[in-house]
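Here is the structure we will look at, set down as structure tokens.
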Amino acid sequence: MILAALFLGASLAAAPRLEAQPQQPPSSTPQASPMRFGAFVEQFDDRPSTGFVAYDPSGQWWVVPLGGAVIGTESVVPGVLSSVAVHGVVSGLAFDGEDNFYLAYEVDDRIVAHSWYDKVSTGLGGADNSTHTGEDELERGDGPGQLHAPKGVAVWESTLPVHSNGLATCVLYVADSLNHRIVMVAAKGVPREYKWATPLRTFGAYGGGDGQLNHPNDVAVDARGHTYVADLGNDRVVEFDEQGTFVRNIGGRGFDSGLFLSPTGVDVHGDRLYVADRDNDRIQVFDLEGHYRYEWGTPALRPREGRGKLHGPTDVAISPDGKQAAVVEETEDRVQVFGLQPADTAMPIVERNGASHFGGACSARGELFAVAEPSLASVSVYDVSSGTPIEITKFGRPGRGPGRFLHPSSVLFDAKAEVLYVADPHAYQIHAFRITRAPDEPLRFDPFRARSVNTLDLRAMETLKAKWATEPVGLALDTNGDVLVVDGANERVVVLDASLRPRREVRIDGVYQPNFATGSSRLAAMSVDPSTGHWFFVTGRSGVLERKPDGSPVASTSWFDTFPTQQHDPCGITMTKSGRPWIVLRDGHSVQSVGAASAPYVPPGLPKLLDTALELPLSHVAGWVSGPEGALEKARLATGGGYRHGLGRLEFCKPESLAADGHGRVYVLDAGNHRVQVLDEQGRYLDMFGARFYTEAGRTPPIVRPTHAWDGARSVRTNGGAYRVLWKPRARADGSPTRIERGAPFAIDAWVFVVGEPDQPTTVDGLSIDAWMPEHLHGMTRVPKVTARDDGGFAIDGIRFHMSGYWELDFDVTKDGLAERAQVRVDVD
Amino acid sequence: MVLATLLALAASNPQATTPSSTPTTAPRVVFDERTIARILQHAPLPAPPADPTNRFADDPRAATLGQALFFDARLSQDGKVSCATCHDPARAFTDGRAVSRTIAPARRNAPSLYNVAQQRWLFWDGRADSLWSQALQPIENPVEMGGDRRRALRAVADDAALRARYELVFGALPASILASNVPRATDHPVPERPNVDGRTTSAAADESVDRAFANLGKSIAAYERQLVSANSAFDRFAAALRANDLATQAAYPDDARRGLALFVGKADCRLCHAGPLFSDGEFHDVGVPTFADPLAPDLEKRALAPLRDPGRREGVEKLRADPFRASGAFSDAPDGEHARELDTLTVGVELHAQVRTPSLRNVARTAPYMHQGQFATLDDVIAFYSTRNGAVPTGHHAETVLRPLGLTADEARDLKAFLESLTDESLPPERTRAPR
């Protein structure tokens, strides 16, 4: 129950061990080979955190666990941090050179400065809430000095005044993630004496261009005042100068050195920039001109490997003396400390693959099961009818628009398992794909199976405008087939029809409570009880909410006193056949059903928690991860938390989503173990599948080349059914007829008609054309140029299929923010 | 030396030169209709496409000037390096090295110039979009010829024959070149670091100098357009196949036939090595690692470079910044189709590490292979595609079109025999030396 709010790094213990490391060369070594980080020093297991790490001026590292009503333990280091209470979800943290540290409260949308010598009672929150209202706080908003989901923070102590007031020499930078910007505030002196609400400057705006940001996750600052932003949604680091002017982009999406897959954390020390390249399982190091220098980290091929191997490092911090690097692996609840080694130490080439993370979110319906892979910008669909999950398609490519994803993090089947909806909060888009299968078709992989039907751009849809851009964090299917979109930013549900046209919005009040004592919450996921039609939500703080479809409350759990739910990050919910919601606790490494097994869930009131894991025989408990954290796990078990961190059956590592398929099976996305576990509705283990080394048996379905031929259509209906696209290849300049052949550029003229109105081309906002080789995972090397014709049609120039094989030629018709795709398959030989 | 040894080995390899151990009674390879259609896509090689950006492309007088310039080392910084240094006609217009080394080690392998006029994009990273603009870059590249445009033009001005040839085609040289203050001897320091595009710029921008410099490139391109190789054993076989000429077809060895069937079938080499050029002219990443020092004598010690060659990703950016691009002021068709193509190119990190598909014509003569000469022999290349051993891991993007082919030893030999049948160096001797 009582946990340290800030996990203190055992750096004091680690320092002498660093010197004792055999790979540390004697200090008399000539400077021929400069020193680089990479030498494994020590690892600290059972350090759950929100993924940020920072060193204090004395050289100790700190991480913050997923917060909540947690009171700090007695001081570990006498005279320094006596105790700190953290109420709410703290993401970033930073220390200045004096006695202050700064915590970013992600859900409460504020930054709080603490003095190291403050006592809890005056330092923050809790019983003395009144001391932290008004000018000390940054409230949620997008105005000057307001924040929305602040993430990483950084402190810059300048030797010169950095503001016209002549006073500010210590600046706090905040990665204001859902405002897609960086906020600078002066932070000199005792924090509460300063008016937080007056930012020195803000810079950045949503987008993918120069100087734009997409969900900035962390920020670091160098001695010049240049900031380096972990631009998570754009897979790059963006450098700004001290005025907030764009300087350069560093990296981009990819796995090669110098590129990133989900850069989540940055730090600057001296003339080096350190980037936690989360989904490439490494730390990359750059100079301050953006040139790649080196990297360290070997991906862990087996779970819990550690000992210098990295699994999803989310942040890196360099100690003040520059001799240690602390790397936090949020997925593994772990911190590893690295030391310096000679630069000429060979870096082994390592295999960085694995077909899938099995991370993100899942949906199940009938015989189909789908997984969204946010960091891979793809969605996989499995057929489970044979008992062995067969991957029958995988689709998605990086980008925006139909068929493209930036961060697909929710999936949802319709009632017939024919349409799969995908929500992408980084692109602010909802997609609908039709999963095509012939009734008697043998099970096989077919990259053409998913047909893009509609794509809704939530930022462009006027009727959905709210204070914040609609942030699609979850999807659910209403009993009438409507698609329910959980808008995490605006605390509402956006109701779309099956074609993604907006119907209405429903406010879900009472989630965001700007109360510093109890902290706020966020809608995370949603499911619908088919028998009552009630909506169930899982939220960070209050657990489960039950609402009527008009949003009116029915019941809610309130676990605040009995169980630190928010500390365990409930993030997924599904309704089982028995009408009981199951939730998945990411940081609790467990799955729970709400309501007693012997009695149905009875609203209202305080439901009893049933931990399905508790029904397991004790032999499983013995099989848990052993070591010093074992005691902690058992303590949590006593609280009813059902902490099941591990690799065995019914053990989990950061499960992120779950889905009941309506046939009594529940799929649990065991993301940290790179696998899916299948349970029955009594919580019994049925099966698991996933990446090699993480499952009992690797199952790689064979890829069968499809036997499609070009359908030769000249008039093709959009997959959504609203339009018909009439197209014809344009004759070449020399008058020769146009055939579509490899390597030869060609042009197309196209007209869009509303179905049923064949006489007159309709006016649309745009027609774009794209082409893609699903088997090769690439498209064209040209971007065709589309111009409007006088007759209401479009002229499309510069199409070239440069390789033999199967191509999809896609016409995307956009009107009012909703795009529909018409597809033609072309077999180029 | 290395190349010669390799060739000697190849020549002494009975598998490579005879139909091998296959008994003559074995049935001949029979191609089905689809395979024949695919084979015929690779021949005949048409004449080089017109280059509207260079109105001198097919001017024989320009070609003669270009041929003289191609072999003229006075264009270089130290007077020792000509185009032909790295594009040696005796080595199928390559230098036989992993990466070129003249003034300093270059970053990439010197490709053959046979049929180079067929390429839409030049250099491994496609940073030039015309043959004539390509020809200009090595002259000023500090690690290649290390010269600059004024000195190169001065070299032309100082040679009466060259000057006459130039003025016959292009008119008078710029006045600023003819003035005496242009340095004749170079004083460039040798650069410390290889810099593939560290082009020297003239101190004072002089449009007439740039235009005259472009003319040098256009004349070199006119010469290079003549470097055609289109009459290999395979070409003769394909022509006979097309004409149903069984007698001529019979001269094509069985192992090459089997290799051809692999090439257009199971091995699917044709996906990228497409068409009569055996190249789609586009850019791909086949996962070849980048060596830090490709010239290291010991293969085992060729450490991997910390960064892979960014290839086309940088190539597009450089092309867009090149004043001599097809849409630039010195192009003769700045609004032409090819010039406009530049605006439609995809850009971004998805181009990272992609390099241009090399033509396979004369491939048996152009070792070592890949953009850094990573593979010494064709056997190594075939083994790479067969096993994918040593390929750069592709992160989580495991599904690509490249999977281990799993060729048997016989199949690998057959494929090699086919590749060797693409050799044709019947270029007239007068094209392989400076004009008289």
Side-chain angles (χ1 to χ4, degrees), chain A residues 235-236 251-261 279-281 291-295 299 344 346-347 349-357 373 375-376 378 394 397-399 447 703 733 741-743 745 773 775-785 797-800 802-805 829, chain B residues 34 37-38 41 120-121 126 264 268 270-272 274-277 279-285 287 289-290 303-313 316 337-338 340-354 357 390-403:
Chain A
D235 292 300
R236 65 187 181 187
R253 184 186 179 84
F255 52 86
D256 263 5
S257 298
L259 303 176
F260 306 112
L261 276 182
D279 292 333
N280 282 323
D281 298 317
H291 299 122
Y292 169 90
R293 290 296 181 157
Y294 69 99
E295 67 194 63
D344 54 11
M347 188 179 68
I349 303 180
V350 290
E351 185 80 10
R352 287 184 190 280
N353 80 33
S356 184
H357 276 126
E373 297 281 359
S375 62
L376 305 187
S378 68
K394 183 171 187 167
R397 53 193 289 208
I703 288 190
E741 53 192 24
R742 189 205 64 78
M773 298 189 83
E775 295 170 308
H776 292 198
L777 297 178
H778 67 70
M780 294 185 292
T781 58
R782 311 286 194 280
V783 182
K785 189 177 175 191
D797 287 276
I799 312 168
R800 188 202 294 264
H802 63 282
M803 294 184 82
S804 300
D829 198 28
Chain B
R34 181 179 168 94
R38 288 182 167 184
Q41 288 182 2
R120 277 194 301 277
W121 314 107
V264 300
D268 240 351
R270 66 185 285 273
L271 278 184
C272 297
L277 192 58
S279 165
D280 60 358
E282 293 292 337
F283 302 82
H284 304 275
D285 174 15
T290 300
L304 288 176
L307 276 181
R308 290 182 78 199
D309 189 326
R312 183 61 166 164
R313 181 184 173 198
V316 173
E337 198 175 321
H338 188 46
R340 285 203 312 269
E341 213 172 354
L342 179 57
D343 298 327
T344 70
L345 293 181
T346 54
V347 292
V349 291
E350 66 266 30
L351 305 179
H352 186 80
Q354 293 184 352
T357 310
V392 174
T394 53
H396 291 288
H397 304 263
E399 298 109 314
T400 72
V401 71
L402 287 170
R403 295 168 186 281

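First the proteins, then the strands, lettered A, B, ... as listed; each starts at 1.
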Could you have a look at A:His778, A:Arg742, A:Lys785 and say which one has the most heavy-atom pairs with chain B under 4.5 angstrom? A:Arg742
Flag the one option from A:Asp235, A:Asp797, A:Val783 with the top tally of heavy-atom pairs under 4.5 Å to chain B. A:Val783
Not counting sequence neighbours, which residues clear ring-ring contact (aromatic ring centres under 6.0 Å, His included) with B:His352? List them please. none
Got a second to check how far B:Leu271's CG is from A:His802's NE2, nearest 0.5 Å? 10.0 Å
Interface moiety of B:Arg312 toward chain A, non-hydrogen atoms closer than 4.5 Å: neither
Could you go through A:Arg782 and B:Thr346, starting from their C-alpha distance and side-chain angles, then the distance that decides it, and tell me whether this counts as side-chain contact (heavy atoms from CB on, under 4.5 Å)? CA-CA 5 Å; A:Arg782 311 286 194 280; B:Thr346 54; 5.8 Å; no
So which residue, B:Gln41, B:Glu350, B:Arg120, ends up with the most heavy-atom pairs under 4.5 Å with chain A? B:Arg120
Would B:Cys272 and A:Met803 count as a side-chain contact (heavy atoms from CB on, under 4.5 Å) if you check the C-alpha gap in whole Å, the side-chain angles of each, and the deciding distance to 0.1 Å? CA-CA 6 Å; B:Cys272 297; A:Met803 294 184 82; 3.3 Å; yes
Tell me, side chain or backbone of A:Met773 under 4.5 Å from chain B's heavy atoms, or both, or neither? neither
Structural part of B:Arg340 lying under 4.5 Å from a heavy atom of chain A: neither
Toward chain B, the part of A:Pro784 with a non-hydrogen atom under 4.5 Å: neither
Counting only heavy atoms closer than 4.5 Å, note whether B:Glu337 contacts chain A via side chain, backbone, both or neither. side chain
Interatomic spacing from OG1 in B:Thr290 to CG in A:Asp256 - rounded to 0.5 Å: 8.0 Å
With side-chain contact (heavy atoms from CB on, under 4.5 Å) as the test, would you mind laying out the steps for B:Arg313 and A:Leu259 before giving the verdict? CA-CA 12 Å; B:Arg313 181 184 173 198; A:Leu259 303 176; 3.2 Å; yes
Ion pair check, B:Glu341 and A:Arg800, cut-off under 4.0 Å: yes
